[in-house]
Amino acid sequence: MSTAPDTAPAASAPDPKRGGGEEGQQKLPLFALLALATAVFITCLTETLPAGLLPAMSEDLRVSQSATGQTVTVYAIGTALTAIPLTAATAGWQRKKLLLTAMAGFALANTVTAVSSVYELTMVARFVAGIAAGLAWALLAGYARRLAPVHLQGKAMAIAMAGIPVALSLGVPAGTFLGDWLGWRVAFLSMTALTVVLLVWIFAGVPDFPGQARGERPKLLRTLTIPGVSPVLFVTLVFVLAHTILYAYIASYLKDLGLEGHTGLILLVFGAASLASIWIVGAQINRRLRGLTVGGALLVAVASLILAVLSDTTALVYVAAVLWGLGWGGVPTLLQTAVGDAGGESADAAQAMLVTLWNVAMAGGGIVGGILLDTLGSESFPWAVVLLLLPVLAVVLYARKAGFPAARPVAGSVEERTEAEEEAVVPAS
């Protein structure tokens with residue numbers, strides 16, 4: 001999510017004066033976009049990796065597993081507290097410099113986590129990782145948008161956001177296996193090694209873009225009054241809360257169903273369906289943004305209903321995982337695109353607020369899920385998801401003019417985009 005306006009023209013819009021400028025002939029900068037996808041992967045996996053390593057981490061740090069589990073919470077808190085102020089403070093930075101700084105923060109935090117034997121130091125390192133995530137999340141989606149021509153921005157964001165389901169479906173199981181085989185510290189050190197490779201990749205292969213001049217930086221509170229921004233932020237908060245309540249405690253839920261041996265495979269099925277969802281969203285987002293958002297919420301709701309009333313049939317639990325993944329996988333791309341489009345010149349501020357609310361919802365999902373587990377049992381999770389998705393659907397359907405239009409607006413002609421981008425793009429280092 002760039003702190004320069006996300007409605008800024010893309011780096012590769014065609015030049016009709018040179019001929020061959022038809023939009024259909026343009027190609028996405030895959031090398032650069034895959035670097036951003038790797039950054040998303042590192043950001044997401046750094047947050048969730050402790051979930052698969054809790055017993056070993058707890059033993060080495062000499063604290064309870066519940067206390068070790070707070071390494072995930074403190075990460076989310078670091079992101080929620082710092083995303084908005086840091087986005088504002090770094091608004092004038094060159095985009096590549098900011099991205100390199102954020103990823104260097106991950107390398108430092110994961111290294112300290114890997115070598116620390118002191119619980120308090122580990123928590124500080126995790127908080128620093130959360131700060132780095134705040135910078136990264138407030139930058140990556142907008143960066144992907146600016147790398148692509150306007151008509152391909154949805155696909156560009158889908159490629160960049162593919163790092164999320166890959167991290168959740170493959171990264172966490174792989175990290176857990178590596179931790180069981182060589183020790184949990186090796187798992188975190190492997191994250192550092194991957195980040196170092198990514199730093200070189202970004203430096204060599206990702207184009208740079210300017211930040212915003214001081215007079216151009218939007219005010220955060222004023223951004224909330226822009227039509228469409230508040231509905232998207234509301235949907236973000238409630239949809240992510242609903243998803244997290246179930247996802248954060250999926251192992252406990254499946255154990256209570258007698259399917260604890262199926263957890264890894266079910267998460268793999270969920271991740272594969274999420275990847276399919278991202279591909280579908282990337283292909284259709286320009287023409288069907290509202291329909292895709294409604295469809296995603298409906299699919300997650302149907303999956304939750306299946307888990308609520310038909311979970312005694314193992315095959316239907318797998319069906320629910322497929323529907324859940326198909327509904328959820330494209331949601332980050334949809335919401336980030338919607339808030340960027342609605343924010344217009346204030347897209348950077350809107351994206352920063354989305355990042356903050358996203359992490360607030362994740363932390364809240366862990367808390368609410370824990371309360372539900374202790375009071376009503378894990379069988380209450382699917383019903384909670386269904387109830388929360390009702391207002392989500394209502395707001396998406398209501399905000400048809402601003403926030404969740406049927407099709408994405410395309411600002412400016414090809415000629416206007418070309419002239420603007422010649423002034424905006426900074427050559428890669």
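The first residue in the sequence is number 1, and the count goes up from there. Worth knowing before you read on, the calculation uses all heavy atoms, side chains too, and leaves out hydrogens, waters and symmetry mates.
- Of the residues listed (Leu389, Thr244, Val385), the one engaging Phe239 in a side chain to side chain contact (heavy atoms under 4.5 Å, CB included) is Leu389, and it is the only one.
- Expressed to the nearest 0.5 Å, how far CG of Asp208 lies from OH of Tyr143 amounts to 5.0 Å.
- Met191 has its side chain out of reach of Thr113: every pair of non-hydrogen atoms, C-beta onward, lies at least 4.5 Å apart.
- Although no hydrogens or angles enter the test, the distance criterion places a donor-acceptor pair under 3.5 Å between the side chain of Ser58 and the main chain of Val63.
- Judged by distance alone, the side chain of Trp328 and the main-chain N or O of Ala273 form no donor-acceptor pair under 3.5 Å.
- No side-chain heavy atom of Val396 sits under 4.5 Å from any side-chain heavy atom of Phe234.
- Side-chain atoms of Phe127 and Met123, non-hydrogen and from C-beta on, never get closer than 4.5 Å to each other.
- Residues Tyr253 and Ser378 come closest through the heavy atom pair CD1-O, 3.4 Å.
- Checked options Leu99, Leu36, Ile42; the residue passing with Leu198 is Ile42 (criterion: side chain to side chain contact (heavy atoms under 4.5 Å, CB included)).
- Nearest heavy-atom pair across Ala102 and Ala136 is CB-N, 4.1 Å.
- Counting heavy atoms from C-beta on, the side chains of Leu388 and Ile245 come closer than 4.5 Å.
- The CH2 atom of Trp184 sits 11.5 Å away from the CD atom of Glu59 when rounded to the nearest 0.5 Å.
- By the 4.5 Å heavy-atom criterion applied to side chains, Met57 and Phe188 are counted as neighbours.
- Atom CG of Leu194 is separated from atom OG1 of Thr38 by 6.5 Å, given to the nearest 0.5 angstrom.
- Distance check, rounded to the nearest 0.5 Å: CG of Leu61 to OH of Tyr119 gives 8.5 Å.
- Thr236 is not listed as a side-chain neighbour of Val339, based on a closest heavy-atom distance of 4.5 Å or more.
- Between Pro332 and Trp358, the closest heavy-atom pair is CG-CH2, 3.7 Å.
- Applying the salt bridge (charged side-chain N to carboxylate O under 4.0 Å, His left out) criterion to Arg290, with sequence neighbours excluded, gives no partner residue.
- Between Leu289 and Ala338, the shortest heavy-atom contact is CD2-CB, 4.1 Å.
- Atom CG of Leu147 and atom CG of Leu28 lie 9.5 Å apart (nearest 0.5 Å).
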> How far apart are the C-alpha atoms of Phe270 and Tyr247, what are their side-chain angles, what is the distance that settles it, and do they pass the side-chain contact (heavy atoms from CB on, under 4.5 Å) test?
Replying inline: CA-CA 10 Å; Phe270 167 83; Tyr247 187 85; 3.9 Å; yes

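- Within the 3.5 Å criterion, the main-chain N or O of Phe203 finds a donor-acceptor partner in the side chain of Lys96.
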> Checking side-chain contact (heavy atoms from CB on, under 4.5 Å) for the pair Arg185/Asp60: CA distance, chi angles, key distance, verdict?
Replying inline: CA-CA 10 Å; Arg185 298 182 188 277; Asp60 275 6; 3.7 Å; yes

>> I'd like to know whether Phe381 forms a side-chain contact (heavy atoms from CB on, under 4.5 Å) with Leu307, so could you lay out the CA-CA distance, the side-chain angles of the two residues, the decisive distance to 0.1 Å, and finally the verdict.
In response: CA-CA 9 Å; Phe381 295 157; Leu307 292 177; over 6 Å; no

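- Across all non-hydrogen atoms, the minimal contact from Thr82 to Gly78 is OG1-O, 2.6 Å.
- For CH2 of Trp279, the number of neighbouring non-hydrogen atoms (other residues, nucleotides, ligands) closer than 6.0 Å is 12 at most.
- When side chains are defined from C-beta on, Val317 counts as touching Leu254, because their heavy atoms get closer than 4.5 Å.
- In this structure, the side chain of Arg287 does not engage the main chain of Ile285 through any donor-acceptor pair within 3.5 Å.
- Contact check for Leu334 versus Phe404: no side-chain heavy atoms found under the 4.5 Å cut-off.
- Residues Leu178 and Ser190 share a closest heavy-atom pair of CD2-OG, 3.7 Å.
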>> side-chain contact (heavy atoms from CB on, under 4.5 Å) for Arg126 and Thr46? Distances and angles first, verdict last.
In response: CA-CA 9 Å; Arg126 294 291 295 173; Thr46 297; 3.7 Å; yes

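- Here the OG atom belonging to Ser277 is positioned 13.5 Å from the CH2 atom belonging to Trp324, to the nearest 0.5 angstrom.
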